[in-house]
Amino acid sequence: MIRRKIRELIENKINELFGSISDLIFEVEKPKREIYGDYATNVALVLKNRLNKSPLEIAQKLAQEFEKETKIFSKIEVVKPGFINFWISQNYYIENLKKILEKKEEYGKIDLGHGKKVLIEFVSANPTGPLHIGHGRGAAYGDSLARILDFTGYNVTKEYYINNKGTQMIILGASVYLRAKELSGEKIEFPENYYKGAYIYDIAKEALKLYPDLLSMEEEKAIELCKELAIKIILEDIKNDLERFRVIYDNWYSETGLYEKNKVEEVINYLKEKGLIYEKEGAIWFKSSLFGDEKDRVIIRSNKEYTYFAGDIAYHYEKFKERGFDLCINIWGADHHGYVKRLKAALKAFDIDPEKLQIILIQMVNLIEGGEIKSMSTRQGEFVELKELLNEVGADATRFIFLSRSADSPLDFDIDLAKKQSQENPVYYVQYAHARICSIFEKAKENGWDEFNWGRANWEFLSNKEELDLLKKLDEFQDVVESASSLYAPYKLTYYLLELAKEFHEYYSKYRVLSEDKELTLARLGLCMGCKIVLKNALNLLGVSAPKKM
RNA sequence: GCGCCCGUAGCUCAAUAGGAUAGAGCAUUGGACUACGAAUCCAAAGGUUGCAGGUUCGAGUCCUGCCGGGCGCGCCA
């Protein structure tokens, strides 16, 4: 938070001293080395060209002004090329601790979104099989991002788009139908492109139970029934897994619904009027190449089937033009990146600013088992299900691991390591810090503390280096929240948690919180409570629990 | 062939919109429990940031070209 304050202060002073300067981009950063202070800015270096003065001279002038702010700064220095280094007064950090104790679960909130309506669409796996490990990463990412954006003042809706239309669904139905035949003793030949997973048998059994005369029906009708049943069962299974993974959606949006409402037709007609549609070789094409796509795309195939893209155009048209979202965030697997340009092209055709659609591509997940990479394919029925991770690893460790990497980085999920409840598994390191603090408070109660009146605490007792470091770390939380939100980067919080937990564990092993000295104890308990609150708030943004005992 | 992502310590990854002497964890080695939970802590060691140029006060970060890896390039989703 102090970082934001310093930034504002700099902006104000520049205005006073040099007049308003447009598009000024400068940094307020935490230097890597302590000798450069708690924070530093490069603003004088950036201003050099604008003001045609030496950076040192500019820095000196600004520093003089900042020295007046004795409540915030304890020391200010101008160095070498023109950096200004700031040391923050302990008093500031104490005030921040008081704020934490007062705000509790509200601490760290910051209004970046100003109530902007944002839709986060994620997972959206086709209901052709259970969720696997790759979907899990998208689920953890999308849900955590939703929590972070909500925490930072956005009005967030979480949505799952169900692709329940098209050839894949027919194949799904036919797969079930064939398995039903097989189960009834018929000899079958199972085509290469059908769904081979074991779950298809389960659905087939269910179909036979529900429709005893299934196999004597007209085949087309039987497949249709199998399809409907399969979608229903698989979707329930998906919902169930996601719930166990603590991912709760606001909407489950059906693709077929778009067609029932004639949305797709409407949107295609609109494009037709604009002259962006043409017919070639029996198919209907959209001139996406006019809007930055590599080539035009088919939206209605020559067999009159709509492509997935057709539905997606209508879906996104509706998101912006009818449902009124200011920002839409789609979270896709990186293997879909080729699709980005055509969807943005569609938005441009509707005069929707393509920047309003943020597509976040998440790199693949490699499953490591026994030290080897296992390959996965839904069609072949070879994949590790999310369910398996939930059963064997648990939601907390699974989420933490998924959220420990930037989306750009492929993730190796070592299932053996994830299962271990040991130091190699970082989630426990963080949770343990929280549990330890809870345990201290339990002990304190045993020792006769029945209430903690922070208002009466004498914070001067927090005078060790480790205590000041912790106070600084707690203040930093607000900056981390801000960057996690504006960069769509939940992993920033994961790293922050590990750092905070580390500093707490160090402190814990070096100093005793509970002692005969009541005043010292109360101050240290206050610091512990601050850590507990921040740990819990940060964990909550990842959707990971903060246990009292482990 | 074209497009997107990536290349940092033995391994897995950070490095905050270009900042100062590139940091963690794991693994390795050696230490610390009769006091709030040892799922913890302390210490040691580990690097030509894939290669070569360029941009500037300053490059792991930006530009160009190579090398290596992943993923795409359908009237599939």
Would you mind classifying the nucleic acid contact of [X] as base, sugar-phosphate or nothing, using non-hydrogen atoms under 4.0 angstrom?
X      : value
A:F83  : base
A:A444 : nothing
A:K48  : base
A:F309 : nothing
A:P410 : sugar-phosphate
A:N85  : base

Does a nitrogen or oxygen in the side chain of [X] sit under 4.0 Å from OP1 or OP2 of [N]?
X      : N     : answer
A:S406 : B:A14 : yes
A:K295 : B:C75 : yes
A:K30  : B:U16 : no

Checking base pairs now: Watson-Crick or wobble, both atom distances under 3.5 Å. What partners [N]?
N     : value
B:U64 : B:A52
B:A59 : none
B:A44 : B:U28

Open item on the list: Between the base of B:U40 and the side chain of A:R436, is there a donor and acceptor pair under 3.5 angstrom?
Closed with: no
Open item on the list: Should the side chain of A:N42 and the base of B:G19 be counted as holding a donor-acceptor pair, with the cut-off at 3.5 Å?
Closed with: yes
Please pick, from [options], the nucleotide with the shortest atom-to-atom distance to any side-chain atom of [X].
X      : options             : answer
A:R33  : B:C5, B:A20, B:A38  : B:A20
A:R3   : B:U16, B:C36, B:C41 : B:U16
A:A283 : B:C57, B:C75, B:G37 : B:C75
A:E281 : B:A38, B:A20, B:C75 : B:C75
A:E29  : B:G37, B:C57, B:A20 : B:A20
A:H337 : B:A38, B:C4, B:G19  : B:C4

Calculate the interatomic distance between [X] atom [atom1] and [N] atom [atom2]; express it in whole Å.
X      : N     : atom1 : atom2 : value
A:R301 : B:C76 : CZ    : P     : 4 Å
A:R512 : B:C41 : CZ    : C1'   : 16 Å
A:R405 : B:C13 : CZ    : P     : 5 Å
A:Y339 : B:C76 : OH    : P     : 12 Å
A:L514 : B:C36 : CG    : C1'   : 5 Å

TODO: Answer yes or no as to whether B:A20 has its base stacked against A:Y36, where stacking requires a ring-centre separation under 5.5 angstrom and planes under 30 degrees apart.
DONE: yes
Open item on the list: Using 30° and 60° as the class boundaries, would you call the ring planes of A:F402 and A:F413 parallel, tilted or perpendicular?
Closed with: tilted
Open item on the list: For a quick check under 3.5 Å, do A:Q168 and A:Y308 share a side-chain donor-acceptor pair by atom type?
Closed with: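 No pair is found: no donor N or O on one side chain lies under 3.5 Å from an acceptor on the other.
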